Amino acid sequence: RRISMLTGEYSKVSLIVPIFNVEPYLEESLDSIACQTYQNFEVIMIDDGSTDSSGVIAKSFVTKDSRFQYIKTENKGQSHARNIGLGQVQGELIAFVDPDDSIEKDFLRKLVNQFDNDTLIVSYLFPSARPNKHKGKVTVDIFFSLMFSGVIGTVVWNKIFRTELLHGVRFPEGQVHEEIEFFREILPLINDYQMVIINDNNHYNYRTVREGNTASTFQPNRLVGAQDAFKLLLDLKSMKKKQSVEIINLDTLVFLKNYIQKVNNVELKKDASSLFNELYLHTNIIKCFFIKPIWLLSVIRFRFKLRWKNG
């Protein structure tokens, strides 16, 4: 796979910002982008049918800064908005910022500075993660392990991507946890040591709680994320990526355990239980014990509870 050369400060970054009813937070978010020490960027703002003053705020940045562009669409969700943005990029690199979050002034500079001619993705740590032993260039196996163990997270907003990597790659629309399938599409396109980890968690300011934030509420349709994770696990297993397989397996089992306990819909509970049992068959008990023993014990107890309940 041919990798084109990047030219440091001359590499333009395309920042994609999906917007929907974030009036209280949007100005702070866009200001944090405008004030970047790395100035070679464009901002593609996609207004996903906002009904508040978000559009007015976004358009005010277009008026005062030519690097900002505004696109208005019907309300079709975050993935649809991001996909429109992906179709508009002009830069050599792509980053994502959620409109209720903000970034530190050297967020872009530190990411861009990590690129050499082989690099495809650079990631900060997840904001709540502690510094870890993995930094610099990592293997595919380690990269996906760090994603599902919460070290860098299964999110796109603390990462930057080479544009040519994302040609033809899109977010699945109409679902939550859409990033899992997004990264599954990327998996066949990356090789070991084309991903870089920055051992730093304080450059992206993630707003953990706000009204309407899907991350802070339980949603029955989150089951599709577990189904996508299982598909990703099978892909990684076929590639003999052993560590990430165990971590994704355990992480998804814990998610399904919590999901089954919360969901009220009988059919969804049945589907989740079936997926839980299928995933459990892929579990290496000994290896998982040394990864997350408390998680594993909770999964084993729940498995016995399920079997007892179902006879």
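Keep in mind that this is a model prediction, so the values were computed, not measured.
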(request) Looking only at non-hydrogen atoms, find the nearest pair between Pro172 and Glu181 and report the distance. (result) CG-CB, 3.7 Å

(request) Drop me the distance from Gln114's CD to Thr119's OG1, to the nearest 0.5 angstrom. (result) 8.0 Å

(request) Write out all pairs satisfying side chain to side chain donor-acceptor pair (under 3.5 Å) with one or both partners inside residues 137-146, taking only residues at least two apart or from two chains. (result) Asp116-Lys137, Asp141-Ser244

(request) Please name the residue in the list Gln88, Glu92, Glu42 that meets the side chain to side chain donor-acceptor pair (under 3.5 Å) test with Ser14. (result) Glu42

(message) Could you go through Ile121 and Arg162, starting from their C-alpha distance and side-chain angles, then the distance that decides it, and tell me whether this counts as side chain to side chain contact (heavy atoms under 4.5 Å, CB included)?
(response) CA-CA 6 Å; Ile121 306 172; Arg162 191 184 290 259; over 6 Å; no

(request) Tell me, please, whether Phe41 has Arg67 positioned over its six-membered ring: NZ or CZ under 6.0 Å from the ring centre and within 45 degrees of its axis? (result) yes

(message) Restricting to side-chain contact (heavy atoms from CB on, under 4.5 Å), what partner residues turn up for Glu74, sequence neighbours left out?
(response) Lys76

(message) Check for me, please, whether Val224 and Phe148 land in the same ILVMFWY cluster - side-chain distances under 4.5 Å, paths through other members count.
(response) no

(message) Does any part of the side chain of Glu23, heavy atoms only, come nearer than 4.5 Å to the side chain of Ile57, both counted from C-beta?
(response) yes

(request) Determine the interplanar angle of the Phe161 and Phe96 rings, folded into 0 to 90°, and report it as parallel if under 30°, tilted if 30 to 60°, perpendicular if over 60°. (result) perpendicular

(message) According to ring-ring contact (aromatic ring centres under 6.0 Å, His included), who are the partners of Tyr124, at least two apart in sequence or on a separate chain?
(response) Phe107, His203

(request) Side-chain contact test, heavy atoms from C-beta onward, threshold under 4.5 Å: evaluate it for Phe143 versus Tyr193 and give yes or no. (result) no

(request) Applying side-chain contact (heavy atoms from CB on, under 4.5 Å) between Val169 and each of Leu86, Leu189, Asn83, report the one that passes. (result) Leu189

(message) With side chain to side chain contact (heavy atoms under 4.5 Å, CB included) as the criterion, how do Phe126 and Tyr206 come out once you've worked through the C-alpha distance, each side chain's angles and the decisive distance to 0.1 Å?
(response) CA-CA 9 Å; Phe126 195 82; Tyr206 172 55; 4.1 Å; yes

(message) Would you say the ring centers of Tyr259 and Phe276 fall short of 6.0 Å from each other?
(response) no

(request) Write out all pairs satisfying ring-ring contact (aromatic ring centres under 6.0 Å, His included) with one or both partners inside residues 74-94, taking only residues at least two apart or from two chains. (result) none

(message) Taking side-chain contact (heavy atoms from CB on, under 4.5 Å) as the criterion, tell me which of Phe290, Trp295, Phe289 meets it with Lys292.
(response) Trp295

(request) Identify the two heavy atoms, one from Val22 and one from Ser54, that lie closest to each other, and give their separation to 0.1 Å. (result) N-OG, 2.9 Å

(message) Counting only heavy atoms not in Lys240 (residues, nucleotides, ligands), do more than 12 fall under 6.0 Å from its NZ?
(response) no

For residues 246-253, which side-chain N or O atoms pair as donor and acceptor with protein atoms under 3.5 Å away, sequence neighbours left out?
from   : atom 1 : to     : atom 2 : distance (Å)
Asn249 : ND2    : His282 : O      : 3.2
Asn249 : ND2    : Thr283 : OG1    : 3.2
Thr252 : OG1    : Ile248 : O      : 2.7

(message) Can you tell whether the side chains of Asp101 and Arg207 come within less than 4.0 Å, N to carboxylate O?
(response) no

(message) Test of understanding: with salt bridge (charged side-chain N to carboxylate O under 4.0 Å, His left out), list the residues that count as partners of Glu104, not counting sequence neighbours.
(response) none

(message) Are the side chains of Leu268 and Leu223 in contact, using a 4.5 Å heavy-atom criterion?
(response) yes

(message) If you define the side chain from C-beta out and look only at heavy atoms, does anything of Ile71 sit under 4.5 Å from Ile44?
(response) yes

